[in-house]
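Order of listing sets the numbers, starting from 1, for every ligand and every atom in it. All residue numbers in this chain count up from 1 along the given sequence.
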Amino acid sequence: MKQVLVTGGAGYIGSHTIVSLVEQGFYPIIVDDLRNSSRVILDGLAELTVDRFLFIPIDICDKEALFRVFDDHTFDAIIHFAAYKSVGESCEVPLQYYQNNLIGLMNVLEACSRYSIPKFVFSSSCTVYGEPDQKQVYETTPKRLPESPYGFTKWMGEQIIEDVHRNSVPFQTICLRYFNPIGAHPSGLIGELPVGIPNNLLPYITQTAAGIRSHLTVFGNDYPTPDGTCIRDYVHVNDVADAHVRALLFTSENPLSVFNIGTGKGTSVLEMIQYFNEVSGMDLPYHIGSRRAGDITEIFANVSYSNATLGWRAKRNVKEALNDAWNWEKRQAKSND
Ligand SMILES: NC(=O)c1ccc[n+]([C@@H]2O[C@H](COP(=O)([O-])OP(=O)(O)OC[C@H]3O[C@@H](n4cnc5c(N)ncnc54)[C@H](O)[C@@H]3O)[C@@H](O)[C@H]2O)c1
């Protein structure tokens with residue numbers, strides 16, 4: 001059985017990927033210090049996978065601890081999720097973002113070379129496109145300087161990987177540029193579990209609906225879009241998870257490949273609220289606030305290259321994702337009662 005190291009595997013996208021990996025016959029070993037996750041997710045994973053994974057609690061910035069994992073286990077591939085991910089927060093504490101996201105990546109890349117790991121999958125982001133001229137972006141769309149320190153960590157992460165590959169390293173890298181992952185596993189056993197106040201739209205919507213937050217703030221309704229709110233490409237997290245399995249199965253003569261992981265369709269914040277009201281039967285309270293630092297107006301993926309070359313396509317729609325996210329939030333609320 002192929003063994004895969006999954007950094008940040010207890011996190012939101014990581015945990016859903018663990019389920020997909022186990023379903024496809026891989027044995028994942030998670031390294032995560034749970035700084036932005038919790039035992040609840042590991043319990044859900046244990047139930048969903050019948051314990052077919054290993055969890056090692058370490059900080060990947062601790063290079064010695066990380067290398068000990070490589071001394072003790074052999075890996076056919078690494079999927080590297082572990083990083084901080086909030087655009088807004090990164091503007092407030094940029095050093096923490098540069099330290100964690102870049103040192104973590106460099107440690108993992110060093111391990112790839114030192115321990116001759118044949119495949120490396122990197123969690124990149126559509127933030128590397130910055131504020132693009134054309135709102136639909138291709139993998140070939142020139143990268144622009146991002147709007148936030150978080151975006152820079154992904155932009156520089158890709159640059160570091162490119163530079164490492166210039167030296168003809170003996171491993172294959174696949175960068176997956178996620179657009180906006182949302183939703184949860186339909187079982188309701190795992191989902192997004194942000195520590196503290198959520199920075200992403202979806203957990204904020206579901207926490208407001210569950211009464212944890214009094215209302216949702218929409219950050220600006222004066223953007224040049226049809227309803228004035230920002231437009232993003234929301235993609236079900238289980239589809240994102242499946243893209244990682246495709247990446248592990250993907251072979252290419254090209255040592256470095258990049259794929260957009262989105263649906264190809266943009267949805268505005270107000271449309272998301274309306275869809276959520278439809279699937280939940282609620283009337284979500286929201287206020288219009290001012291614009292938030294680091295947010296761009298509109299972006300969505302062109303996915304023809306990932307469809308044709310990676311053999312991956314998003315199968316679930318936004319309403320299914322909203323329904324699954326709401327199901328997860330309700331289960332959480334019940335278990336906290
Ligand atoms: N969720 C999104 O909207 C989105 C979009 C684009 C890219 N990404 C990227 O995808 C990856 C996963 O995102 P996510 O939404 O699952 O985030 P997440 O915060 O839910 O998961 C990240 C996991 O990594 C762990 N972690 C962070 N730093 C660590 C360290 N130094 N050592 C050990 N563990 C550490 C956290 O505890 C957490 O469990 C990140 O690299 C993120 O930047 C996310």
Of all the non-hydrogen atoms in the protein, which one sits nearest to [atom], and at what distance?
| atom | answer |
| --- | --- |
| atom 33 (C) of ligand 1 | I58 O, 3.2 Å |
| atom 26 (N) of ligand 1 | A82 CB, 3.8 Å |
| atom 15 (O) of ligand 1 | K85 NZ, 2.8 Å |
| atom 29 (C) of ligand 1 | R35 NE, 3.5 Å |
| atom 22 (C) of ligand 1 | A83 O, 3.9 Å |
| atom 38 (C) of ligand 1 | D32 OD2, 3.5 Å |
| atom 3 (O) of ligand 1 | P181 CD, 3.3 Å |
| atom 20 (O) of ligand 1 | Y12 N, 2.8 Å |

Does the ring centre of [Y] sit less than 6.0 Å away from the ring centre of [X]?
| X | Y | answer |
| --- | --- | --- |
| F219 | H287 | no |
| F259 | Y305 | yes |
| F152 | Y98 | no |
| F75 | F70 | yes |

We want to know whether [X] and [Y] form a side-chain donor-acceptor pair, criterion being a heavy-atom distance below 3.5 angstrom.
| X | Y | answer |
| --- | --- | --- |
| S304 | N302 | yes |
| H80 | T7 | yes |
| S124 | E158 | yes |
| Y84 | S90 | no |
| Q159 | D163 | yes |

Could you list the atoms of ligand 1 found under 4.0 angstrom from a heavy atom of [X]?
| X | answer |
| --- | --- |
| S124 | 6 (C), 7 (C) |
| F179 | 5 (C) |
| I60 | 30 (C), 31 (N), 32 (N), 33 (C) |
| S123 | 9 (C), 10 (O), 11 (C), 41 (O) |
| L34 | 37 (O) |
| S125 | 6 (C), 7 (C) |

Backbone or side chain, does any N or O of [X] fall under 3.5 Å from an N or O of ligand 1?
| X | answer |
| --- | --- |
| F81 | yes |
| G11 | yes |
| N180 | no |
| N36 | yes |
| V31 | no |
| Y178 | no |
| I13 | yes |

Of the side chain and backbone of [X], name the one, both, or neither that has a heavy atom under 4.0 Å from an atom of ligand 1.
| X | answer |
| --- | --- |
| C126 | neither |
| Y150 | side chain |
| K154 | side chain |
| N100 | side chain |
| T127 | neither |

[atom1] ([X]) with more than 12 external heavy atoms under 6.0 Å:
| X | atom1 | answer |
| --- | --- | --- |
| Y286 | OH | no |
| I197 | CD1 | no |
| E47 | CD | no |
| R313 | CZ | no |

V4 side chain reached by Y27 side chain, heavy atoms, under 4.5 Å: no

Non-hydrogen atom of S15 closer than 4.0 Å to ligand 1: no

Ligand 1 contact by A10, heavy-atom criterion under 4.0 angstrom: yes

Positive for side chain to side chain contact (heavy atoms under 4.5 Å, CB included) with H185, one of D324, L45, L48: L48

Geometric class of the F171/H165 ring pair [parallel <30°, tilted 30-60°, perpendicular >60°]: perpendicular

